[in-house]
Amino acid sequence: MTATATRVLVLNSGSSSLKYQLLDMHDGARLAAGLVERIGEETSRLAHTPLATGGDTRETEGPIADHTTALKAVAAELAADGLGLDSPQLAAIGHRVVHGGLQFTEPTVIDDAVLTEIERLVPLAPLHNPANITGIRTARALRPDLPQVAVFDTAFHTTMPEHAARYALDVATADAHRIRRYGFHGTSHAYVSRRTAALLGKDPSEVNVIVLHLGNGASASAVAGGRCVDTSMGLTPLEGLVMGTRSGDIDPAVTFHLKRVAGMSEDEVDELLNKKSGLIGLCGDNDMREIRRRIDAGGEDGARAQLAFDIYIHRLKKYLGAYTAVLGRVDAVAFTAGVGENAAPVRAAALAGLEQLGMAVDADRNAVRSDEPRLISPEGSRVAVAVVPTDEELEIAQQTYALVSA
Ligand code: AMP
């Protein structure tokens, strides 16, 4: 790395997608961002936004066979803006990796041994880690000399005490199969809990925060003095809150019942719980905007949307209560991600009736729309309630840069 190398390319590889951002860590500026979708299909699409120049988004459609071709296309777009992957200003590539198991507690420079370890974790994240590995291999082939860093979605949660991380399962069986609660969205929980402390003018070590990451996937975490002590997702992202398409917490016996009584296969149950449950299963929509629109329109359809909303809110309240008990003292509740940042009715409903816990929302403050972190609790509240936009790419870039510039 040269002294002028301050740029980090952040890659988030999905099974058929590649999201990226190029950031300059000298000043945190975002130079470019984009997304390749439907990799492997005839109708692949690359949308590239040259943020450095303020230019319009450039869209290209047409077959992109695999991740290698996708990254080459991204590299060509970046090169067209004078930001190519061969630039001496590029310090590193930071990869989002979903599952880091117990061993990866920190961002890690990727070498062959690290890649082998990430591969060993594939049984724990069979959908996500293979895509992340493909992204890493592709980027290493294009720039073998450049440091590549893995930033794990599970890492922030590795501080959970054993009594929070362990299921009440037979210990030998659990250990033999690495079954425990790992938690996900860790990059977001880390970033948002730190930003919440900053909003309060405090050091993270001084505050206890409940973070509600409410996107299409959703998770809650209890963060005590900057360290995660509990989180709602478990062995997989299925556990916990009601999500866009995932059920969240459910009696595990429902799965036996579906197999024995409804005659469903393993894969069908998996698909039901991960893709066809949660808000979409309850009312046919997983977009909170549409759910609110239907509630406002009323009628029978509105009532169905209202029930889905109420189930979603009820689960949130249960986690707020549980994490208040886990933390003992709560200084702040932070809402983040698509729903948390944008859906004022969700924030108001989740905290309604929790005055005894010191939690309340000021209606006027809650109605403000902004991209900035902000407080929405009434003046003088015991618990600060905040909306803190998450920024996983910035967090990955910062962690990557801190590691390679140390
Ligand atoms: P994420 O996974 O963080 O990108 O969040 C995506 C979800 O955020 C969508 O499925 C919507 O439910 C929700 N969302 C996005 N924008 C809004 C909005 N303006 N109002 C309510 N919900 C929103």
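Whatever order the structure lists ligands and atoms in, that order sets their numbers, starting from 1. On a predicted model such as this, the values are computed, not experimentally measured, just so you know.
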Original post:
Taking N or O atoms only and a 3.5 Å limit, does G338 qualify as a polar contact for ligand 1?
Top reply: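 Yes: some nitrogen or oxygen of G338 is under 3.5 Å from one in ligand 1.
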Subject >> Test of proximity, A337 against ligand 1: N or O pairs below 3.5 Å >> reply: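 Such a contact does not occur with ligand 1.
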Assess the side chains of [X] and [Y]: does a donor N or O sit below 3.5 Å from an acceptor N or O?
X	Y	answer
H48	D81	yes
N342	R369	yes
Y401	D24	no
S221	T231	no

Nearest to [atom], what protein heavy atom do you find, and at what distance?
atom	result
atom 2 (O) of ligand 1	N216 N, 2.9 Å
atom 11 (C) of ligand 1	D287 OD1, 3.5 Å
atom 12 (O) of ligand 1	M288 N, 2.8 Å
atom 21 (C) of ligand 1	R289 CG, 3.5 Å
atom 19 (N) of ligand 1	N342 CB, 3.4 Å
atom 10 (O) of ligand 1	N286 O, 3.7 Å

Original post:
Where is the tightest heavy-atom contact between R347 and E341, given as atom of each residue plus distance?
Top reply: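 That closest heavy-atom pairing would be NH1-O, 3.1 Å.
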[X] neighbourhood, listing ligand 1 atoms whose heavy-atom distance to it stays under 4.0 Å:
X	result
R369	19 (N)
A343	21 (C)
G215	1 (P), 2 (O), 3 (O), 5 (O)
V339	8 (O), 12 (O), 13 (C)

Subject >> Side-chain donor/acceptor of D203 to backbone N/O of E206, under 3.5 Å >> reply: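 Checking the backbone N and O of E206 against the side chain of D203, no donor-acceptor pair under 3.5 Å is found.
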Original post:
Any side-chain heavy atom of R294 sitting closer than 4.5 Å to one from C283?
Top reply: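 In contact.
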Original post:
Where does T390 meet ligand 1, judged by heavy-atom distances below 4.0 Å: at the side chain, the backbone, both, or neither?
Top reply: neither
Subject >> Per-atom contact, atom 4 (O) of ligand 1, protein heavy atoms, under 4.0 angstrom >> reply: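 No, there is no protein heavy atom closer to it than 4.0 Å.
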Original post:
Would the H99 and F184 ring centres measure less than 6.0 Å apart?
Top reply: yes
**OP:** Using the six-membered ring of Y167, assess whether NZ or CZ of R180 lies under 6.0 Å from its centre and within 45 degrees of the ring axis.
**Re:**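 Because its charged atom misses either the 6.0 Å distance or the 45° angle limit, R180 does not stack over Y167.
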